[in-house]
Structures are given as structure tokens and as C-alpha cells.
Amino acid sequence: MSAFHADTGFELGMAVIVPESDMTIESDELLRWYAQARRDLPWRKPEVTPWQILVSEFMLQQTPVSRVEPIWLAWIERWPTPSATAAAGSAEVLRAWGKLGYPRRAKRLHECAVVISSHHDDVVPADVETLLTLPGIGAYTARAVACFAYSARVPVVDTNVRRVVARAVHGRADSPASVRDLDDVAALLPDDATAPVFSAALMELGATVCTARNPRCGICPLSVCRWRTAGFPAGTEVKRVQKYAGTDRQVRGKLMDVLRASSSPVTRAQLDVAWLTDTAQRDRALDSLLVDGLVEQTTDGRFALAGEGEIP
DNA sequence: AAGGCGTGGTG
DNA sequence: TCACCAAGCCT
């Protein structure tokens, strides 16, 4: 057992009998920890609707909880349902999104609202298959909505879950994205109705204890962690984080900032001052915003947030 | 399938 | 300081 291979569970071609507790994450200890350590996030309150949970999931795609909270609170008060969101128009939605980042998410959220209000009787679909057909909803968000809004027993795999499972179950510092993730987590899921809380707890553990940098192993509730057992081996080289300063993304952000601030269409000159250093780059950024459908040009040649001219 | 897509907090 | 990172999705 001392030379046991952490990855495969096999040694020299001989099957090693692994205690069940080594291959799983103890649901009891995880749930007990979650019950006392869970953050009191507003979208976790019982009266929150599936649509409002969906909104939180859109906002949380690559944006930290602390920045999402205030925007989400104001958002659901203003637009509590898909139909209310759809009726608001995409320009107002893009404006309310503010500086959460990746405004394509806001556009897709509005598109979701339109589809759900017009084709699904204003009710968020409950099954993963249908959710996956909606704009901006991918593998994670579809399962998160099915699980957290409808208590479906489906694996929910985000970056936190991936990391926790990679460490506790596989003994690796992190996990390269892989299709095995879904099967891995499905195998860990409790058989009973606690599956959704189990998933929430797994995510919470990754977000607050088993973090990417400086994991707080001293307060981890898991009694079995193969990463710890293996002596915390380092992960493989991570791919470089994308640059931001000076990129087209930053220029797009500047242009969107100008558009958001104006309730009426702006002139080309007003956009030009948002990025003086490289006019070619500025043109490219504006063009890409038009291609993405985030910005529209009015008949008189000015620019506005997409949908600004529409009748609400 | 690798890379584009915002923004701001943090160690 | 500045690289890293934060409940991904899409092409």
C-alpha cells in the first residue's frame, strides 16, 4: 500500500483494493461543514425563483461573488421575471449590467429572457437538455440551474468542484479540463435528495477553503484528501493568463463605458476620445462590438447600445 | 480546441 | 508591483 499509485489505483498491473472512503468524499462531513460555514448569499434564499437563480449564474460566470451581489439585488427587484427582462429591451439590460464585465453575457441573458417568455410560458426549463439550447447556457450553467433551482440530481462541475475533486479524490493539485469531470462528480453524488446541497457544499468548499492559491487545509472538513496524503504535489504548468491592458478587450470596455453612460446615441468623435493611443485598434474594437450585436449604428451614423432605438 | 471575451481585488 | 484569478461560453 505504501507504493500505491495515486492516479490509477493500480500498481504493477495488480488491482489494489481501495477502501471506499478513499475513492469518495464523505457526504456527511461535507454537509455538516456546509451547514455552519455556508455564506449567506442572497440567491440562496428559499423564496428566490428559478429565473433569479439563472440570473445569478449568468453574472457569476467569471465574475466574483462580491461584485455580483449588489447588481443582482437591484436587478431582480427591477426585473423579477423573464418577461419583465425581455420587455426592458437589450440596451437597458446592457446598461444595468454595468461593469460586471463580458457584456456578451448580458446580451445572452436578455436573449434567454426573450426565448423563455415567448416559447416557455415565462418559466425557466427544468431539464438540462432544454437549458443547453438557450443562449449563454453551457454545461455548467444548465446543470447549476437544474440542480439549484429544481433540485435535480445532476453533477454540477465548475472550476471549484473540478479543483476539489482533483485534489481530494485524485491527489493532484488541479485538474486539466476533461470530459471525465462529469462522470467523476456523478459518482460522488449522494443517491438521495441531498445531492443538490452536496453540490453546493462542494462548490463552497472550493470557493472558501480549497482555493486555487493558499488553500486553507487547516480548516478543511474532509478527513480524506489524497492530495494531502500524497504530500501536496505541485500541479502541471498552468497556461498563461490572458493579458488585458492594451488589448482589444480593454478598448471594447472603454467604448461600452461611453455608450452605457449616454441615454442617447453618441457620435463617432465621442467614442474616439475613449481610446486615443491606437486608432486602428479602436476601429477594430468598435467593429467587433457591432459584429457582436452589442452596439448599433443609427441611421444618422451615431452609435448606441444594441436595442436602444426599440420600442419597449 | 485554443484563444477571445471585462473588470477589479489581492498576495 | 503585477501576475494571477473569479460559480464559463462560444467559435
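Chain letters run A, B, ... following the sequence lines, proteins first, then strands; residues in each count from 1. Only a predicted model underlies this, so the values are computations on that prediction, with no experimental measurement involved.
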For [X] and [N], give me the distance from atom [atom1] to atom [atom2], rounded to whole Å.
X	N	atom1	atom2	result
D292(A)	dC5(B)	CG	P	8 Å
W97(A)	dC5(B)	CH2	C1'	13 Å
E69(A)	dG8(B)	CD	P	18 Å
K254(A)	dG8(B)	NZ	C1'	12 Å
K99(A)	dT7(B)	NZ	P	5 Å
D174(A)	dC5(C)	CG	C1'	12 Å

Report yes if a donor N or O on one partner sits less than 3.5 Å from an acceptor N or O on the other, where the partners are the side chain of Q242(A) and the base of dG4(B); otherwise report no. yes
How would you list all residue pairs meeting salt bridge (charged side-chain N to carboxylate O under 4.0 Å, His left out) that involve residues 185-194 of chain A, not counting sequence neighbours?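 Listed once each, the pairs are R153(A)-D191(A).
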When rounded to the nearest Å, what value does the distance between [atom1] atoms of [N] and [M] take?
N	M	atom1	result
dA7(C)	dC5(B)	P	22 Å
dT11(C)	dG6(B)	P	14 Å
dG3(B)	dC4(C)	P	15 Å

Which part of the nucleic acid, if any, lies within contact of R260(A), taking any heavy atom under 4.0 Å across all strands shown: a base, the sugar-phosphate backbone alone, or nothing?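 Result for R260(A) = sugar-phosphate.
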Under 4.0 Å, counting only non-hydrogen atoms across every strand here, what does Y244(A) touch: a base, just sugar-phosphate, or nothing? base
Contacting residues from residues 268-281 of chain A, given that a heavy atom lies under 4.0 angstrom of DNA chain C: none
Looking just at side-chain N and O atoms, do [X] and [Y] make a donor-acceptor pair shorter than 3.5 Å?
X	Y	value
S117(A)	D122(A)	no
T247(A)	Q250(A)	no
S199(A)	R143(A)	no

Considering only NZ, NE, NH1 and NH2 on the basic side and carboxylate oxygens on the acidic side, decide whether [X] and [Y] come within less than 4.0 Å.
X	Y	value
R163(A)	D158(A)	no
D181(A)	R162(A)	yes
R44(A)	E204(A)	yes

Has K243(A) got a side-chain N or O lying under 4.0 Å from the OP1 or OP2 atom of dA3(C)? yes
So if you build clusters from Ile, Leu, Val, Met, Phe, Trp, Tyr with side-chain heavy-atom gaps below 4.5 Å, do V145(A) and V154(A) land together? no
Heavy-atom protein contacts under 4.0 Å, nucleotides 6-11 of chain C, coded B base, S sugar-phosphate only, - none: BBBSS-
Tell me which of S66(A) and L294(A) sits closer to the 5' end of DNA chain B, going by the nucleotide each one is nearest to.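 So the residue in question is L294(A).
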Rounded to the nearest 0.5 angstrom, the CD-OH distance for Q62(A) and Y102(A) is 5.5 Å
